[in-house]
Amino acid sequence: QVQLVESGGGLVQAGGSLRLSCAASGRTFSSYIMAWFRQAPGKEREFVGGISGSGGSTKYADSVKGRFTSSRDNAKNTVYLQMSSLKPEDTAVYYCAARIGRLVRTNARDYDDWGQGTQVTVSS
């Protein structure tokens, strides 16, 4: 099990940028696939992006491809989500999630550990 704490959310104007961070506990961070999900009011939690344990492989939802980039620093036990060209429809609570494995999966049920979430609000 790994404990996850997100930070970096906030209010930003459309077209702006934010970087989310997710700090993890534990000594085997590089064993975990890390992913970002988001949930807007009244909507289901949806996959945003994910990154392999080594950081060499990433996967993104079509809605954020080309605008969001996930990276990780295994020495700091931290994963990041750089969000650019933000749109009002990106407004949601963003969660990081972790699973042991080799593949980034897009279904939230495949992830065992979750952070508490951080609010991102994009104004038009």
Side-chain angles (χ1 to χ4, degrees):
Q1 191 176 12
V2 61
Q3 280 74 49
L4 304 172
V5 178
E6 301 98 335
S7 61
L11 173 65
V12 64
Q13 287 190 332
S17 299
L18 276 177
R19 188 177 81 156
L20 305 183
S21 300
C22 174
S25 65
R27 290 176 283 181
T28 58
F29 181 64
S30 61
S31 300
Y32 287 86
I33 297 289
M34 299 299 297
W36 292 93
F37 288 78
R38 66 187 181 187
Q39 188 165 20
K43 294 190 176 181
E44 291 189 356
R45 193 168 296 191
E46 65 173 357
F47 173 78
V48 174
I51 188 166
S52 63
S54 67
S57 177
T58 55
K59 188 173 191 173
Y60 299 98
D62 288 343
S63 59
V64 307
K65 216 171 274 185
R67 299 189 298 122
F68 291 12
T69 302
S70 186
S71 61
R72 65 191 295 160
D73 185 338
N74 286 343
K76 295 183 179 179
N77 279 18
T78 302
V79 64
Y80 305 97
L81 184 68
Q82 178 67 48
M83 306 185 294
S84 303
S85 301
L86 283 160
K87 305 175 182 180
E89 51 263 43
D90 294 318
T91 295
V93 177
Y94 283 70
Y95 299 89
C96 70
R99 65 181 294 268
I100 295 285
R102 287 195 230 170
L103 298 176
V104 175
R105 300 208 182 268
T106 61
N107 191 323
R109 283 179 279 188
D110 289 322
Y111 290 81
D112 304 306
D113 300 299
W114 292 82
Q116 82 289 351
T118 186
Q119 177 71 47
V120 171
T121 303
V122 184
S123 63
S124 57

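These values consider heavy atoms only, across backbone and side chains, with no hydrogens, waters or symmetry-generated copies.
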Among the clusters formed by ILVMFWY side chains lying less than 4.5 Å apart, do [X] and [Y] turn up in the same one?
X      : Y      : answer
Val122 : Val93  : no
Val79  : Ile100 : yes
Val64  : Val104 : no

Ignoring hydrogens, what is the shortest heavy-atom contact between [X] and [Y]? Give both atom names and the distance.
X      : Y      : result
Phe47  : Thr106 : CB-O, 3.4 Å
Ser123 : Leu11  : CB-CD1, 4.3 Å
Thr91  : Ala40  : O-CB, 3.7 Å
Thr78  : Ser21  : CG2-CB, 4.3 Å
Leu20  : Tyr94  : CD1-CB, 3.6 Å

With rounding to the nearest 0.5 angstrom, report the [atom1] to [atom2] distance, [X] to [Y].
X     : Y      : atom1 : atom2 : result
Gln39 : Glu46  : CD    : CD    : 9.5 Å
Met34 : Leu81  : CE    : CG    : 11.5 Å
Arg45 : Tyr111 : CZ    : OH    : 13.0 Å
Ser31 : Arg102 : OG    : CZ    : 12.0 Å
Ile51 : Lys59  : CD1   : NZ    : 14.0 Å
Glu89 : Ser124 : CD    : OG    : 10.0 Å

Does a side-chain heavy-atom distance below 4.5 Å link [X] with [Y]?
X     : Y     : value
Ser52 : Ile33 : yes
Leu4  : Tyr95 : no
Phe68 : Leu86 : yes
Ser63 : Arg38 : yes
Arg67 : Tyr60 : no

message: Test salt bridge (charged side-chain N to carboxylate O under 4.0 Å, His left out) on Asp90 and Lys87; report intermediate values, then the result.
response: CA-CA 5 Å; Asp90 294 318; Lys87 305 175 182 180; over 6 Å; no
Heavy-atom donor-acceptor pair, [X] side chain to [Y] backbone, under 3.5 Å:
X     : Y     : value
Ser30 : Ser54 : no
Ser70 : Tyr80 : yes
Glu6  : Cys96 : yes

- prompt: Do you know which of Val2, Asp113, Asp110 makes side-chain contact (heavy atoms from CB on, under 4.5 Å) with Arg99?
  reply: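 Output: one option passes, namely Asp110.
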message: Does Arg72 qualify as a cation-pi partner of Tyr32, given the criterion of NZ or CZ under 6.0 Å from the six-membered ring centre and within 45 degrees of its axis?
response: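 Output no; distance or angle outside limits.
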- prompt: Are there more than 12 heavy atoms of other residues, nucleotides or ligands under 6.0 Å from atom NZ of Lys65?
  reply: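 Atom NZ in Lys65 is packed in, count exceeds 12.
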